[in-house]
*Asks:* 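I have a structure here, written as structure tokens, and I will follow up with some questions on it.
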Amino acid sequence: MCVPLIDGRLSEVEKARYWEDGYLFPIQAIPPEKARAWRSELETIEHDWLDAGLPLPLTIYKRVNANCVLPLAHRIGTDPAILDIVEGILGPDLLIYGVEFFIKEPRTKHKVTMHQDLTYWGLGAIDGMVTMWLALSPATRASGCMEFVRGSHLNPILPHEDTFAEDNLLSRGQEVKVDVAPEDRVPIELMPGQISLHHGLTIHGSGPNTTDDRRIGAVVRYVNPEIAQLVGDKDYAMLARGADRVGNFINYAPPTANFTPASLALYEEIRSAQAKFLMKGTSNTKGLYAEAR
């Protein structure tokens with residue numbers, strides 16, 4: 001049963017549930033056919049650009065700040081129906097910290113170890129970030145849907161261990177150094193067009209895809225303008241709704257087309273700046289930010 005909305009927005013009851021549990025799901029944000037159309041557009045991009053001579057592997061552009069180089073990612077992050085829901089948690093002024101496509105191919109072992117999103121981002125243990133996870137294909141237990149630990153957002157940032165494992169989709173293969181019992185994991189099953197929201201400190205992860213279909217999620221990290229980078233010299237964000245009256249982030253414009261020279265140059269600028277704090281404390285010889293050092 002989906003989370004009930006009032007004129008497309010969260011009720012006070014559902015907002016309170018988010019803050020109590022550290023997550024909220026499933027929310028029917030957009031029609032299934034729109035999600036399927038976005039999936040088709042993404043897969044066309046994959047087909048057209050896989051061997052197009054991009055400076056970096058296509059996988060990196062899909063997984064790191066896709067909204068900088070792909071208009072599709074920006075459209076997803078600024079979809080009014082999604083923003084109406086997120087606004088209920090963060091307020092009317094919303095910045096996109098980044099858009100990512102998390103894809104598990106059929107019958108593969110890729111996983112996401114249990115972790116907290118805010119571990120290495122240099123933003124502190126904040127309430128002002130929400131991760132929105134949109135299903136572009138079915139996310140089920142069999143296909144490796146996310147699993148959340150209820151109430152774990154009430155913890156501080158916990159110690160994590162980096163693995164840089166080849167089958168781990170995270171930037172450092174990070175895993176929280178606490179035991180998470182199977183009975184404490186809540187499976188977050190979503191159908192196309194449905195979303196989940198979770199707090200940046202909520203412990204979560206996901207298993208492998210054992211099905212014959214791709215498991216595709218479009219993930220948007222939203223922050224409110226009061227949040228600031230505490231570790232790095234500078235950080236970047238894109239205005240999604242309202243206004244940024246604080247100026248803690250370098251605001252940048254969305255791309256005008258796929259992988260334009262200007263957006264590729266900006267992408268590398270952002271990636272190099274963020275690597276300095278996202279990979280702090282590691283030799284950084286592997287992973288999504290390896291080439292940015």
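Predicted model, so just to flag it, every value in this text is computed and none were measured.
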*Asks:* Please examine the side chains of V149 and M114, heavy atoms only from C-beta on, and report whether any two atoms are closer than 4.5 Å.
*Replies:* yes
*Asks:* Testing Q229, E269, Q274 one by one against Y236 for a side chain to side chain donor-acceptor pair (under 3.5 Å), which residue passes?
*Replies:* E269
*Asks:* So how far is it from I203 CD1 to N155 CG, rounded to the nearest 0.5 Å?
*Replies:* 5.5 Å
*Asks:* What I want to find out is whether R107 reaches D212 closely enough, with some N-O distance under 4.0 Å, to be called a salt bridge.
*Replies:* yes
*Asks:* Strictly distance-based, threshold 3.5 Å: is any side-chain N or O of H198 a donor or acceptor partner for the main-chain N or O of V130?
*Replies:* no
*Asks:* Is it true that L54 and V64 fall in one hydrophobic cluster, defined by side-chain heavy atoms closer than 4.5 Å?
*Replies:* yes
*Asks:* With a 3.5 Å distance limit and no angle check, can you tell me whether D93 reaches the backbone of A243 through a side-chain donor-acceptor pair?
*Replies:* yes
*Asks:* Report yes if the side chains of H204 and H115 come closer than 4.5 Å at any heavy-atom pair, otherwise no.
*Replies:* yes
*Asks:* Hey, does R150 have a side-chain heavy atom less than 4.5 Å from the side chain of Y23?
*Replies:* yes
*Asks:* Can you get from I157 to F277 by hopping between Ile, Leu, Val, Met, Phe, Trp and Tyr side chains that sit under 4.5 Å apart?
*Replies:* yes
*Asks:* Scan P208, S206, C145 and name whichever one has a side chain to side chain contact (heavy atoms under 4.5 Å, CB included) with R215.
*Replies:* S206
*Asks:* Do the side chains of I270 and Y252 get nearer than 4.5 Å, heavy atoms only?
*Replies:* yes
*Asks:* Does CZ belonging to R141 count more than 12 external heavy atoms closer than 6.0 Å?
*Replies:* no
*Asks:* Below 4.0 angstrom, N of the basic side chain to O of the carboxylate: do D84 and R241 qualify?
*Replies:* yes
*Asks:* Judged by atom type as modelled, is there a donor-acceptor pair below 3.5 Å linking the side chain of Y222 to the main-chain atoms of G77?
*Replies:* yes
*Asks:* Taking the side chain from S143 and the backbone from T140, do they hold a donor-acceptor pair closer than 3.5 Å?
*Replies:* yes
*Asks:* Hey, what do you get for CG (N65) to CG (L266), rounding to the nearest 0.5 Å?
*Replies:* 9.0 Å
*Asks:* With clusters defined by side-chain heavy atoms of hydrophobic residues (ILVMFWY) lying less than 4.5 Å apart, directly or transitively, does M191 cluster with I27?
*Replies:* no
*Asks:* Where the side chain of S196 meets the backbone of F25, is there a donor-acceptor pair that is under 3.5 Å apart?
*Replies:* no
*Asks:* Atom CZ of R36 and atom CG of L136: how far apart are they, to the nearest 0.5 Å?
*Replies:* 11.5 Å
*Asks:* For the residue pair W49 and F259, does the interplanar ring angle fall in the parallel (under 30°), tilted (30 to 60°) or perpendicular (over 60°) class?
*Replies:* tilted
*Asks:* If you measure from the Lys or Arg side-chain nitrogens to the Asp or Glu carboxylate oxygens, is any gap between R271 and E268 under 4.0 Å?
*Replies:* yes
*Asks:* To the nearest 0.5 Å, what is the distance between CZ (R17) and CG (L197)?
*Replies:* 11.0 Å
*Asks:* Please check: side-chain N/O of K104 versus main-chain N/O of G144, any donor-acceptor pairing under 3.5 Å?
*Replies:* yes
*Asks:* Between S263 and P255, is there a donor-acceptor pair closer than 3.5 Å when you use the side chain of the first and the backbone of the second?
*Replies:* no
*Asks:* Just by distance, do the side chain of T44 and the backbone of S40 share a donor-acceptor pair under 3.5 Å?
*Replies:* yes
*Asks:* Can you label the angle between the H153 ring and the H199 ring as parallel, tilted or perpendicular, going by 30° and 60°?
*Replies:* tilted
*Asks:* Are I227 and Y97 close enough that some pair of their side-chain heavy atoms sits under 4.5 Å apart?
*Replies:* no
*Asks:* Does N209 use its side chain to pair, donor to acceptor, with the backbone of T211 at less than 3.5 Å?
*Replies:* yes
*Asks:* Assigning hydrophobic clusters by single linkage (Ile, Leu, Val, Met, Phe, Trp, Tyr; side-chain heavy-atom cutoff under 4.5 Å), is L50 placed with L264?
*Replies:* yes
*Asks:* When rounded to the nearest 0.5 angstrom, what is the spacing between CZ in R9 and CD in E14?
*Replies:* 15.5 Å
*Asks:* Check D117 with R221, please: is the shortest side-chain N to carboxylate O separation under 4.0 Å?
*Replies:* yes
*Asks:* When rounded to the nearest 0.5 angstrom, what distance separates CD1 in I96 from CG in N67?
*Replies:* 5.5 Å
*Asks:* Between R185 and F148, is NZ or CZ placed under 6.0 angstrom from the six-membered ring centre and within 45° of the ring axis?
*Replies:* no
